[in-house]
2 protein chains.
Amino acid sequence: MAKRKETSTNHLNREQISGVCGVAHAIDILAGRWKLFILYKLVNRTLRFRELKEHIPNITDRMLTLHLQELEADGLVTRTVYAEVPPRVEYRLTEIAARLIPVWDQLNDWGHQHRDKQLQR
Amino acid sequence: MAKRKETSTNHLNREQISGVCGVAHAIDILAGRWKLFILYKLVNRTLRFRELKEHIPNITDRMLTLHLQELEADGLVTRTVYAEVPPRVEYRLTEIAARLIPVWDQLNDWGHQHRDKQLQR
DNA sequence: TATGCAACACACAAAAATGTAAGTAATGGC
DNA sequence: GCCATTACTTACATTTTTGTGTGTTGCATA
(Lines give C-alpha, C1' and ligand atoms only; values in the text may rest on other atoms or scores of the structure.)
Protein backbone atom coordinates (compact mmCIF):
# COMPACT_ATOMS: atom_id res chain seq x y z
CA MET A 1 0.00 0.00 0.00
CA ALA A 2 2.82 2.28 0.77
CA LYS A 3 5.31 2.59 -2.05
CA ARG A 4 6.90 -0.66 -3.05
CA LYS A 5 10.56 -1.16 -3.58
CA GLU A 6 10.80 -1.68 -7.30
CA THR A 7 14.06 -3.58 -7.26
CA SER A 8 13.13 -6.22 -4.71
CA THR A 9 12.85 -9.83 -5.77
CA ASN A 10 9.42 -9.80 -4.19
CA HIS A 11 8.31 -6.99 -6.48
CA LEU A 12 9.88 -8.45 -9.59
CA ASN A 13 8.28 -11.83 -8.97
CA ARG A 14 4.90 -10.21 -8.52
CA GLU A 15 5.25 -8.28 -11.77
CA GLN A 16 6.42 -11.25 -13.73
CA ILE A 17 3.64 -13.52 -12.55
CA SER A 18 0.95 -10.89 -13.08
CA GLY A 19 2.36 -10.23 -16.51
CA VAL A 20 2.03 -13.84 -17.57
CA CYS A 21 -1.15 -14.94 -15.88
CA GLY A 22 -4.46 -13.09 -16.11
CA VAL A 23 -5.86 -14.73 -13.00
CA ALA A 24 -2.83 -13.80 -10.96
CA HIS A 25 -3.18 -10.23 -12.19
CA ALA A 26 -6.85 -10.16 -11.22
CA ILE A 27 -6.21 -11.62 -7.79
CA ASP A 28 -3.37 -9.20 -7.30
CA ILE A 29 -5.72 -6.29 -7.82
CA LEU A 30 -8.52 -7.67 -5.69
CA ALA A 31 -6.57 -9.05 -2.79
CA GLY A 32 -6.41 -6.12 -0.35
CA ARG A 33 -7.99 -6.77 3.01
CA TRP A 34 -11.10 -4.61 2.43
CA LYS A 35 -11.21 -4.26 -1.33
CA LEU A 36 -13.96 -6.73 -2.07
CA PHE A 37 -16.07 -5.33 0.70
CA ILE A 38 -15.69 -1.88 -0.82
CA LEU A 39 -16.47 -3.08 -4.33
CA TYR A 40 -19.51 -5.00 -3.10
CA LYS A 41 -20.92 -1.93 -1.41
CA LEU A 42 -20.53 0.03 -4.63
CA VAL A 43 -22.46 -2.43 -6.78
CA ASN A 44 -25.44 -0.54 -8.23
CA ARG A 45 -24.85 2.61 -6.25
CA THR A 46 -22.62 5.55 -5.69
CA LEU A 47 -21.39 6.16 -2.18
CA ARG A 48 -19.31 8.82 -0.55
CA PHE A 49 -16.32 8.22 1.68
CA ARG A 50 -18.18 8.50 4.97
CA GLU A 51 -21.00 6.27 3.78
CA LEU A 52 -18.55 3.57 2.76
CA LYS A 53 -16.92 3.81 6.13
CA GLU A 54 -20.23 3.36 7.90
CA HIS A 55 -21.09 0.33 5.77
CA ILE A 56 -17.81 -1.43 6.46
CA PRO A 57 -17.34 -2.42 10.10
CA ASN A 58 -13.91 -1.88 11.65
CA ILE A 59 -12.29 -0.23 8.66
CA THR A 60 -10.24 2.86 9.45
CA ASP A 61 -10.02 6.11 7.51
CA ARG A 62 -6.52 5.21 6.48
CA MET A 63 -7.23 1.77 5.10
CA LEU A 64 -10.31 3.03 3.29
CA THR A 65 -8.27 5.83 1.75
CA LEU A 66 -5.43 3.55 0.70
CA HIS A 67 -7.69 0.95 -0.81
CA LEU A 68 -9.77 3.51 -2.66
CA GLN A 69 -6.63 5.06 -4.07
CA GLU A 70 -5.41 1.72 -5.33
CA LEU A 71 -8.79 0.82 -6.75
CA GLU A 72 -8.87 4.15 -8.53
CA ALA A 73 -5.34 3.70 -9.86
CA ASP A 74 -6.33 0.23 -11.06
CA GLY A 75 -9.35 1.65 -12.84
CA LEU A 76 -11.97 -0.12 -10.73
CA VAL A 77 -13.60 2.91 -9.15
CA THR A 78 -14.21 6.49 -10.18
CA ARG A 79 -13.67 9.34 -7.76
CA THR A 80 -15.75 12.49 -8.08
CA VAL A 81 -14.97 15.53 -5.96
CA TYR A 82 -17.56 18.25 -5.38
CA ALA A 83 -16.27 21.71 -4.53
CA GLU A 84 -18.07 22.02 -1.21
CA VAL A 85 -17.18 22.48 2.41
CA PRO A 86 -17.07 20.12 4.14
CA PRO A 87 -15.82 18.11 1.17
CA ARG A 88 -17.97 15.66 -0.71
CA VAL A 89 -16.36 12.84 -2.65
CA GLU A 90 -18.28 10.11 -4.38
CA TYR A 91 -17.11 6.72 -5.51
CA ARG A 92 -18.63 4.40 -8.08
CA LEU A 93 -17.67 1.26 -9.97
CA THR A 94 -16.21 1.60 -13.42
CA GLU A 95 -17.51 -0.37 -16.37
CA ILE A 96 -14.66 -2.85 -16.25
CA ALA A 97 -15.19 -3.44 -12.54
CA ALA A 98 -18.88 -4.08 -13.21
CA ARG A 99 -17.89 -6.83 -15.62
CA LEU A 100 -16.59 -8.76 -12.64
CA ILE A 101 -19.96 -8.98 -10.93
CA PRO A 102 -20.97 -12.34 -12.44
CA VAL A 103 -17.56 -13.76 -11.59
CA TRP A 104 -17.95 -12.55 -8.03
CA ASP A 105 -21.26 -14.36 -7.80
CA GLN A 106 -19.64 -17.63 -8.80
CA LEU A 107 -16.66 -17.09 -6.54
CA ASN A 108 -19.08 -16.29 -3.76
CA ASP A 109 -20.93 -19.57 -4.22
CA TRP A 110 -17.67 -21.46 -4.33
CA GLY A 111 -16.38 -19.68 -1.26
CA HIS A 112 -19.44 -20.63 0.74
CA GLN A 113 -19.33 -24.24 -0.45
CA HIS A 114 -15.67 -24.44 0.41
CA ARG A 115 -16.11 -22.98 3.85
CA ASP A 116 -18.95 -25.34 4.68
CA LYS A 117 -16.85 -28.28 3.54
CA GLN A 118 -13.86 -27.21 5.59
CA LEU A 119 -15.98 -26.76 8.69
CA GLN A 120 -17.11 -30.39 8.55
CA ARG A 121 -13.63 -31.67 9.27
CA MET B 1 2.64 -18.23 5.85
CA ALA B 2 4.41 -18.47 9.13
CA LYS B 3 2.04 -18.80 12.05
CA ARG B 4 -0.29 -15.90 12.44
CA LYS B 5 -0.93 -14.10 15.65
CA GLU B 6 -4.49 -15.03 16.47
CA THR B 7 -5.23 -12.04 18.65
CA SER B 8 -4.13 -9.33 16.25
CA THR B 9 -6.66 -6.92 14.84
CA ASN B 10 -5.31 -7.86 11.44
CA HIS B 11 -6.14 -11.51 12.01
CA LEU B 12 -9.56 -10.84 13.51
CA ASN B 13 -10.52 -8.56 10.65
CA ARG B 14 -9.47 -11.19 8.16
CA GLU B 15 -11.53 -13.86 9.88
CA GLN B 16 -14.57 -11.69 10.18
CA ILE B 17 -14.55 -10.62 6.56
CA SER B 18 -13.94 -14.13 5.25
CA GLY B 19 -16.71 -15.38 7.48
CA VAL B 20 -19.23 -12.99 5.99
CA CYS B 21 -18.22 -12.84 2.36
CA GLY B 22 -17.68 -15.86 0.15
CA VAL B 23 -15.61 -13.95 -2.37
CA ALA B 24 -13.34 -12.59 0.30
CA HIS B 25 -12.89 -16.12 1.62
CA ALA B 26 -12.03 -17.40 -1.86
CA ILE B 27 -9.57 -14.60 -2.53
CA ASP B 28 -8.04 -15.14 0.88
CA ILE B 29 -7.27 -18.75 -0.03
CA LEU B 30 -6.00 -18.01 -3.51
CA ALA B 31 -3.95 -14.91 -2.86
CA GLY B 32 -0.48 -16.28 -2.12
CA ARG B 33 2.23 -15.14 -4.49
CA TRP B 34 2.59 -18.47 -6.32
CA LYS B 35 -0.65 -20.25 -5.53
CA LEU B 36 -2.42 -19.76 -8.82
CA PHE B 37 0.64 -20.74 -10.73
CA ILE B 38 0.79 -23.97 -8.74
CA LEU B 39 -2.90 -24.70 -9.19
CA TYR B 40 -2.67 -24.00 -12.90
CA LYS B 41 0.16 -26.45 -13.33
CA LEU B 42 -1.88 -29.11 -11.58
CA VAL B 43 -4.93 -28.80 -13.83
CA ASN B 44 -5.44 -32.20 -15.48
CA ARG B 45 -2.28 -33.74 -14.15
CA THR B 46 -0.45 -34.92 -11.11
CA LEU B 47 3.00 -33.53 -10.46
CA ARG B 48 5.66 -34.15 -7.90
CA PHE B 49 7.45 -31.50 -5.92
CA ARG B 50 10.49 -31.24 -8.14
CA GLU B 51 8.40 -31.13 -11.29
CA LEU B 52 6.35 -28.29 -9.92
CA LYS B 53 9.50 -26.44 -9.04
CA GLU B 54 10.85 -26.83 -12.55
CA HIS B 55 7.61 -25.58 -14.06
CA ILE B 56 7.51 -22.45 -11.94
CA PRO B 57 10.34 -20.04 -12.64
CA ASN B 58 12.02 -18.35 -9.68
CA ILE B 59 10.09 -20.13 -6.96
CA THR B 60 12.18 -21.44 -4.09
CA ASP B 61 11.85 -24.72 -2.23
CA ARG B 62 10.62 -22.88 0.78
CA MET B 63 7.87 -20.92 -0.95
CA LEU B 64 6.71 -24.00 -2.83
CA THR B 65 6.59 -25.99 0.40
CA LEU B 66 4.70 -23.29 2.28
CA HIS B 67 2.17 -22.77 -0.46
CA LEU B 68 1.59 -26.47 -0.95
CA GLN B 69 1.05 -26.90 2.77
CA GLU B 70 -1.52 -24.14 2.81
CA LEU B 71 -3.25 -25.44 -0.29
CA GLU B 72 -3.41 -28.87 1.30
CA ALA B 73 -4.74 -27.49 4.57
CA ASP B 74 -7.35 -25.57 2.60
CA GLY B 75 -8.37 -28.72 0.77
CA LEU B 76 -7.30 -27.61 -2.69
CA VAL B 77 -4.58 -30.17 -3.31
CA THR B 78 -3.97 -33.75 -2.27
CA ARG B 79 -0.54 -34.90 -1.18
CA THR B 80 0.51 -38.50 -1.76
CA VAL B 81 3.74 -39.80 -0.33
CA TYR B 82 5.40 -42.92 -1.72
CA ALA B 83 7.69 -44.88 0.58
CA GLU B 84 10.77 -44.62 -1.59
CA VAL B 85 14.23 -43.23 -1.32
CA PRO B 86 14.81 -40.59 -2.48
CA PRO B 87 11.29 -39.54 -1.53
CA ARG B 88 8.50 -39.19 -4.05
CA VAL B 89 5.55 -36.94 -3.27
CA GLU B 90 2.78 -36.23 -5.72
CA TYR B 91 0.30 -33.39 -5.74
CA ARG B 92 -3.05 -33.18 -7.48
CA LEU B 93 -6.09 -30.93 -7.44
CA THR B 94 -9.05 -31.90 -5.28
CA GLU B 95 -12.56 -32.00 -6.63
CA ILE B 96 -13.50 -28.70 -5.03
CA ALA B 97 -10.43 -27.02 -6.50
CA ALA B 98 -11.37 -28.36 -9.93
CA ARG B 99 -14.73 -26.65 -9.60
CA LEU B 100 -12.86 -23.35 -9.78
CA ILE B 101 -11.47 -23.97 -13.25
CA PRO B 102 -14.32 -22.28 -15.15
CA VAL B 103 -14.12 -19.30 -12.81
CA TRP B 104 -10.39 -19.08 -13.41
CA ASP B 105 -11.02 -18.96 -17.12
CA GLN B 106 -13.32 -15.99 -16.73
CA LEU B 107 -11.00 -14.26 -14.31
CA ASN B 108 -8.19 -14.88 -16.74
CA ASP B 109 -10.07 -13.20 -19.57
CA TRP B 110 -10.94 -10.28 -17.35
CA GLY B 111 -7.37 -9.99 -16.13
CA HIS B 112 -6.03 -9.77 -19.66
CA GLN B 113 -8.68 -7.25 -20.70
CA HIS B 114 -7.94 -5.17 -17.66
CA ARG B 115 -4.22 -5.21 -18.20
CA ASP B 116 -4.55 -4.20 -21.83
CA LYS B 117 -6.82 -1.36 -20.85
CA GLN B 118 -4.46 -0.13 -18.16
CA LEU B 119 -1.51 -0.22 -20.53
CA GLN B 120 -3.25 2.18 -22.91
CA ARG B 121 -3.12 5.01 -20.39
C1' DT C 1 -14.19 33.00 19.20
C1' DA C 2 -14.76 28.14 19.48
C1' DT C 3 -16.35 23.89 17.55
C1' DG C 4 -17.68 20.56 14.15
C1' DC C 5 -17.57 18.36 9.80
C1' DA C 6 -15.55 15.46 5.64
C1' DA C 7 -11.90 13.51 3.52
C1' DC C 8 -8.06 12.97 3.76
C1' DA C 9 -2.24 13.14 5.05
C1' DC C 10 1.53 11.98 8.02
C1' DA C 11 4.50 9.47 11.26
C1' DC C 12 5.03 5.49 13.43
C1' DA C 13 4.31 0.56 15.02
C1' DA C 14 3.00 -4.11 14.44
C1' DA C 15 2.08 -8.08 11.84
C1' DA C 16 2.37 -10.91 7.86
C1' DA C 17 4.37 -12.45 3.54
C1' DT C 18 8.31 -13.35 0.97
C1' DG C 19 13.24 -14.31 0.14
C1' DT C 20 18.07 -16.35 1.28
C1' DA C 21 21.01 -19.70 2.81
C1' DA C 22 22.11 -23.67 4.98
C1' DG C 23 21.07 -28.23 6.82
C1' DT C 24 18.60 -33.02 7.25
C1' DA C 25 17.17 -38.13 6.35
C1' DA C 26 17.52 -42.50 4.01
C1' DT C 27 19.26 -45.11 0.36
C1' DG C 28 21.53 -46.54 -4.02
C1' DG C 29 25.54 -46.30 -6.96
C1' DC C 30 30.54 -45.55 -7.35
C1' DG D 1 33.40 -44.53 2.74
C1' DC D 2 31.74 -40.68 -0.42
C1' DC D 3 28.47 -38.55 -3.16
C1' DA D 4 24.02 -37.63 -5.34
C1' DT D 5 19.15 -37.47 -4.95
C1' DT D 6 14.31 -35.66 -3.11
C1' DA D 7 11.39 -33.22 -0.31
C1' DC D 8 11.58 -30.95 2.80
C1' DT D 9 13.06 -27.89 7.69
C1' DT D 10 15.18 -24.22 10.24
C1' DA D 11 17.00 -19.66 11.22
C1' DC D 12 17.19 -15.31 9.71
C1' DA D 13 16.59 -10.96 6.80
C1' DT D 14 13.86 -8.07 3.96
C1' DT D 15 9.74 -6.30 2.03
C1' DT D 16 4.93 -5.43 2.16
C1' DT D 17 0.57 -4.83 4.32
C1' DT D 18 -2.18 -3.43 7.99
C1' DG D 19 -3.22 -0.76 12.14
C1' DT D 20 -3.03 3.46 15.53
C1' DG D 21 -3.09 8.09 16.49
C1' DT D 22 -2.81 12.76 15.44
C1' DG D 23 -2.91 16.84 12.25
C1' DT D 24 -4.91 19.61 8.27
C1' DT D 25 -8.18 22.50 5.45
C1' DG D 26 -11.96 25.75 4.87
C1' DC D 27 -16.30 27.06 5.85
C1' DA D 28 -20.69 26.88 8.71
C1' DT D 29 -22.95 27.24 12.88
C1' DA D 30 -23.27 28.07 18.03
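Throughout, a chain's letter reflects where its sequence line sits, starting with A, and its residues are numbered from 1. These numbers come from the heavy atoms of this one structure, side chains and all, not from hydrogens, waters or symmetry mates.
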Using whole Å, report how far CG of B:Leu30 lies from C1' of C:dA17.
16 Å
Atom CG of A:Asn10 and atom P of D:dT14: how far apart are they, to the nearest Å?
14 Å
Is B:His11 close enough to C:dA14 that one of its side-chain N or O atoms is under 4.0 Å from OP1 or OP2 there?
no
OP1 or OP2 of D:dG19 under 4.0 Å from side-chain N/O of B:Asn13
yes
Below 4.0 Å: OP1/OP2 of C:dT18 and any side-chain N or O of A:Arg4
no
Does B:Ser8 place a side-chain N or O at less than 4.0 Å from the phosphate oxygens OP1/OP2 of C:dA16?
yes
May I have the distance from B:Arg33 (atom CZ) to C:dA16 (atom C1'), rounded to whole angstrom?
13 Å
Is the phosphate of D:dT18 approached by A:His67 (side-chain N or O, under 4.0 Å from OP1 or OP2)?
yes
Measure CG/A:Leu52 against P/C:dA6 and give the value in whole Å, please.
14 Å
Rounded to whole Å, how long is the line connecting atom CD of B:Glu15 with atom C1' of D:dT18?
16 Å
What's the CG-C1' distance between A:Leu66 and C:dC12, to the nearest Å?
14 Å
State whether the side chain of B:Trp110 and the backbone N or O of A:Ile96 hold a donor-acceptor pair below 3.5 Å, judged by distance alone.
yes
Whether B:Glu54 side chain and B:Glu51 backbone form a donor-acceptor pair below 3.5 Å
no
Counting distance only, does the side-chain N/O of B:Arg48 pair as donor-acceptor with the main-chain N or O of B:Pro87 below 3.5 Å?
yes
Quick one: A:Met63 CE to C:dA14 P, roughly how many Å, whole number?
17 Å
Is the phosphate of C:dA14, meaning OP1 or OP2, less than 4.0 Å from a side-chain N or O of B:Thr9?
no
Pair B:Arg45 + B:Glu90: basic N to acidic O under 4.0 Å
no
Does A:Arg92 CZ have over 12 foreign heavy atoms under 6.0 Å away?
no
Under-3.5 Å N/O pairs linking protein and nucleotides 6-9 of chain D:
unit_1	atom_1	unit_2	atom_2	d
D:dT6	O3'	B:Arg48	NH2	3.2
D:dT6	O3'	B:Pro87	O	2.8
D:dA7	OP1	B:Arg48	NE	2.9
D:dA7	OP1	B:Arg48	NH2	3.1
D:dA7	OP1	B:Val89	N	3.4
D:dA7	OP2	B:Arg50	N	2.9
D:dC8	OP1	B:Arg79	NH1	2.3
D:dC8	OP2	B:Arg79	NH1	3.4
D:dC8	OP2	B:Tyr91	OH	2.5
D:dC8	N4	B:Asp61	OD2	2.6
D:dT9	OP2	B:Gln69	NE2	2.9

Would you check if the side chain of B:Trp104 reaches a backbone N or O of B:Tyr40 as a donor-acceptor pair within less than 3.5 Å?
no
Which pairs would a plain distance check flag for residues 22-34 of chain B, meaning a side-chain donor or acceptor within less than 3.5 Å of a matching protein atom at least two apart in sequence or in another chain?
unit_1	atom_1	unit_2	atom_2	d
B:His25	NE2	A:His114	ND1	2.9
B:Asp28	OD1	B:Arg14	NH1	3.1
B:Asp28	OD2	B:Ser18	OG	3.4
B:Arg33	NH2	A:Asn10	O	3.3
B:Arg33	NH2	A:Asn10	OD1	2.2

d(CG, B:Asn58; C1', C:dA17) in whole Å
17 Å
